[in-house]
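Note on naming: letters A, B, ... go to the chains in the order of the sequence lines (proteins, then strands), and numbering restarts at 1 for each one. Just so we're clear, the structure is a prediction, and the values are computed from it rather than from any experiment.
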There are 2 protein chains.
Amino acid sequence: MLVTAPAAARRTAPAAVPGRKAVISREDLIAAALKLLGPHRSVSTLSLREVAREAGIAPNSFYRHFRDMDELAVALIDQAGRSLRKIIGEARHRATTERSVVRSSVETFMEQLSADEKLLHILLREGSVGSDAFKRAVERELQFFEDELREDLVRLAEAHGTGIYEAALVSKAITRLIFAMGATAMDMPPERHSDIAEQMIVMLRMIIVGTQTMAEQGGHRDERL
Amino acid sequence: MLVTAPAAARRTAPAAVPGRKAVISREDLIAAALKLLGPHRSVSTLSLREVAREAGIAPNSFYRHFRDMDELAVALIDQAGRSLRKIIGEARHRATTERSVVRSSVETFMEQLSADEKLLHILLREGSVGSDAFKRAVERELQFFEDELREDLVRLAEAHGTGIYEAALVSKAITRLIFAMGATAMDMPPERHSDIAEQMIVMLRMIIVGTQTMAEQGGHRDERL
DNA sequence: CAAATGTCTATACACCTGTATATTAATACG
DNA sequence: CGTATTAATATACAGGTGTATAGACATTTG
C-alpha cells in the first residue's frame, strides 16, 4: 500500500541519518490541509500549492512528504477512519452498561459531527468523488466500521437470545444509512442534529426489529410489497 | 428559483425577437457537459471553458445561457431527477400487477444504473460536494423521491391491511439506503450489480418487516439493543 | 433598405496550477 | 575540520482558468 510504506519508514528509529533536519512533517501537512477544509471546501478542491502555503513551505517541498495531493487525501481518510472507529468503539463499550447500544452509538456519532471535527466530514462527504485510491480508502473505512458492527450485533443477539437474520446485511444497511444521514446532517444547522439523531435511532430500530422478526420466521415472509 | 426563471422565459412563444438566431441552446450545453462526464470525471471538476469547447462555442458564449457552471450543474440535477422519477414511477405502476413493488423498483433502479445513464450517476455521486445551490437541488430531488415513496407505502399498507409505523421515516430510510448503495455499486464491475440488487431487496424487506412489526406492537419495543 | 438588437467570436488580462531545474542550508560522519 | 547527504528554497515555464472588453455577424423591425 502506497501510504504505509513511508509510514513504516518513519516508524524506524530516527537514528542519526545524515542530512538536514526536517523542519516539517507529514503530520504538519495533514494539519494544514485540515485547517483549509470546511463546509464549503472539500478535499478534492484543495491544491498542492494551497496546502504548502498554509503549512508555510515552498510548493516543491510538498513532494518530500507526498507524491501528490491524492496521497495526502488518502492519509486524511486513514486518520479520519481511525479516529471515528476509536470514538465509536468507546461509545459501544460504554453503552453495554448504560443505555442501549444503538442510542449511545448514534448520539456519539452525532456529537462528533457537531464538534466540527473535520475528519468525520471528510469521511462522510467525499466517498464518491476523487481518485480511485481515495474512494478505495473510504470504502475500506466503511468496511472496517461494518465488520465491527456485525460482530457486535451477533454477540448482542446471542446475549439477548434474539435471532438475527443476515447479520452482514444488517450491519451494511446500518452503516450506509448512518453515513448517508450524517452527510445530510452536516449541511443543516446544529440545532436540528438531535432530531436527525432521533430519526436515525428509529430507522435503526426498524432494521433491527425487522431482522429479528425475520429470524423468528426463517426469512420466509411473502413478497406482498 | 434561479433556474426556473430563464426556463420560464424560454417557454414563452419564440415570437420573432430581433437579433441573431441562437445557434446553440441550453440543452446543447447540458448535452456537452454530459458527454464530458464519466466514471472519472465529476460535475464539480468541469470547467466552463471545457464545456464550451465540447459544445463548439467560444467560452464567453457560455454566459448567454448560464450565469456560471453552478447553474448548469443545477440544471443537470434537475434533469436527472425528472428522468429518474419518471422511470421509477413506471416501474411502480408496472409492479402492482406483476412482481413485488420493492423488487421491481430496485431492479429498475439498478438497470438504469448499468445503462451508463450518466444522469443517475450525477444524482448519486455528487450530493455532498459542490455549491449550496447544487446540494439543495440534489436534496430536493431526494425529497421528491421520498414523498412519492411514502404515498405508495401508505397506500399499499392500507391495501394489504398491514400496519406501517412512521411511514415518513421508512421512506426516508429506504431512499437514503438505495442511493447510498447505488453510489457504491457505481464503482463496481457490472457483473456484481445483481448481487447488490439482491442485497438491497433484503435490506428493504427488513425495514418493511420492521415497520410492520412495530406497527402491530405500537412501536413500544424495549430498548434492549 | 437601413437601423436596431441580440448572438457569437477574438483578443487580452490577471491569476492560479503542477512541476522541472538549480541552488542554498543544515546536519551527521569520517 | 571537510565532506557527503538530505531538506528546503528560488526561479521559471507551460498550460489552464474565469471573465472583461470590443467588434463582427445575422436577423427582425421600422
Side-chain angles (χ1 to χ4, degrees), chain A residues 5-7 9-33 36-37 40-74 129-131 133-134, chain B residues 5-33 36 40-74 129-131 133-134:
Chain A
R10 279 182 306 101
R11 208 181 307 124
T12 63
V17 301
R20 184 173 174 170
K21 191 171 59 180
V23 20
I24 215 175
S25 65
R26 284 169 64 99
E27 283 68 28
D28 292 327
L29 279 172
I30 291 181
L36 289 171
L37 292 178
H40 294 285
R41 210 70 172 68
S42 69
V43 181
S44 41
T45 70
L46 287 184
S47 78
L48 183 153
R49 284 181 111 107
E50 213 172 351
V51 174
R53 213 178 300 136
E54 177 70 33
I57 62 172
N60 270 321
S61 302
F62 183 95
Y63 296 117
R64 297 274 154 198
H65 307 281
F66 297 98
R67 175 190 307 273
D68 50 27
M69 277 299 296
D70 232 74
E71 204 171 293
L72 203 178
V74 171
V129 277
S131 72
F134 186 76
Chain B
R10 278 184 307 102
R11 209 182 303 125
T12 63
V17 300
R20 184 175 177 171
K21 191 171 58 180
V23 22
I24 215 174
S25 65
R26 285 169 63 99
E27 283 68 28
D28 292 327
L29 279 172
I30 291 182
L36 290 171
H40 294 285
R41 210 70 171 67
S42 68
V43 181
S44 41
T45 70
L46 288 183
S47 78
L48 183 153
R49 285 181 112 108
E50 212 172 351
V51 174
R53 214 178 299 135
E54 177 70 34
I57 61 172
N60 270 321
S61 302
F62 183 94
Y63 296 116
R64 298 275 152 198
H65 307 281
F66 297 99
R67 174 189 308 274
D68 50 26
M69 277 299 295
D70 231 74
E71 203 170 294
L72 202 178
V74 171
V129 276
S131 70
F134 186 75

#### Entry: Exercise: identify the closest heavy-atom pair between B/Leu72 and B/Ala33
CD2-CB, 4.0 Å
### Task
Return the value, rounded to whole Å, for the distance between atom CZ of B/Arg67 and atom P of D/dT19.
11 Å
### Query
What base-paired stems does DNA chain C take part in, with at least 3 consecutive Watson-Crick or G-U wobble pairs and both distances under 3.5 Å?
C:1-30 with D:1-30
### Message
Looking at A/Arg53, I'd like to know whether one of its side-chain N or O atoms comes within less than 4.0 Å of OP1 or OP2 on C/dG18.
### Response
no
#### Entry: Atom pair OH (B/Tyr63) and CG (B/Leu48), whose distance is rounded to the nearest 0.5 Å
5.0 Å
### Query
What is the distance from CG of A/Leu48 to C1' of C/dT19, rounded to the nearest Å?
9 Å
### Task
List the steps, then state whether side chain to side chain contact (heavy atoms under 4.5 Å, CB included) holds for B/Val74 with B/Phe66.
CA-CA 10 Å; B/Val74 171; B/Phe66 297 99; over 6 Å; no
### Sole residue of B/Thr45, B/Val129, B/Val43 in side-chain contact (heavy atoms from CB on, under 4.5 Å) with A/Val129
B/Val129
#### Entry: Length of the line joining A/Met69:CE and C/dG18:P, which is rounded to integer Å
8 Å
### Message
In whole Å, I'd like the distance from the CZ atom of B/Arg26 to the P atom of C/dT7.
### Response
13 Å
#### Entry: Spacing of A/Leu46 atom CG and A/Glu54 atom CD [to the nearest 0.5 Å]
10.0 Å
## Note on the structure
Heavy-atom closest pair (A/Arg26 atom, A/His65 atom, distance to 0.1 Å) is NH1-O, 3.2 Å
### Between P of D/dA20 and CG of B/Asp68, the distance in whole Å
12 Å
### Query
To the nearest 0.5 Å, what is the distance between CD1 (B/Ile24) and CG (B/Leu29)?
5.0 Å
### Query
What integer distance in Å separates A/Glu50:CD from C/dC15:P?
16 Å
## Note on the structure
To the nearest angstrom, the OH-P distance between B/Tyr63 and C/dA10 comes to 17 Å
### Task
Treat primed atoms plus P, OP1 and OP2 as sugar-phosphate and everything else as base, then score nucleotides 1-10 of chain D 5' to 3': B for base contact with protein heavy atoms under 4.0 Å, S for sugar-phosphate contact only, - for none.
----BBBBBB
### Message
Can you tell me how far apart CZ (A/Phe62) and CD1 (A/Ile57) are? Round to the nearest 0.5 Å.
### Response
8.0 Å
### Nearest heavy atoms of A/Leu36 and A/Glu50, plus distance in Å
CD1-O, 3.8 Å
#### Entry: Distance in angstrom units between A/Phe62 CZ and C/dT17 P, rounded
13 Å
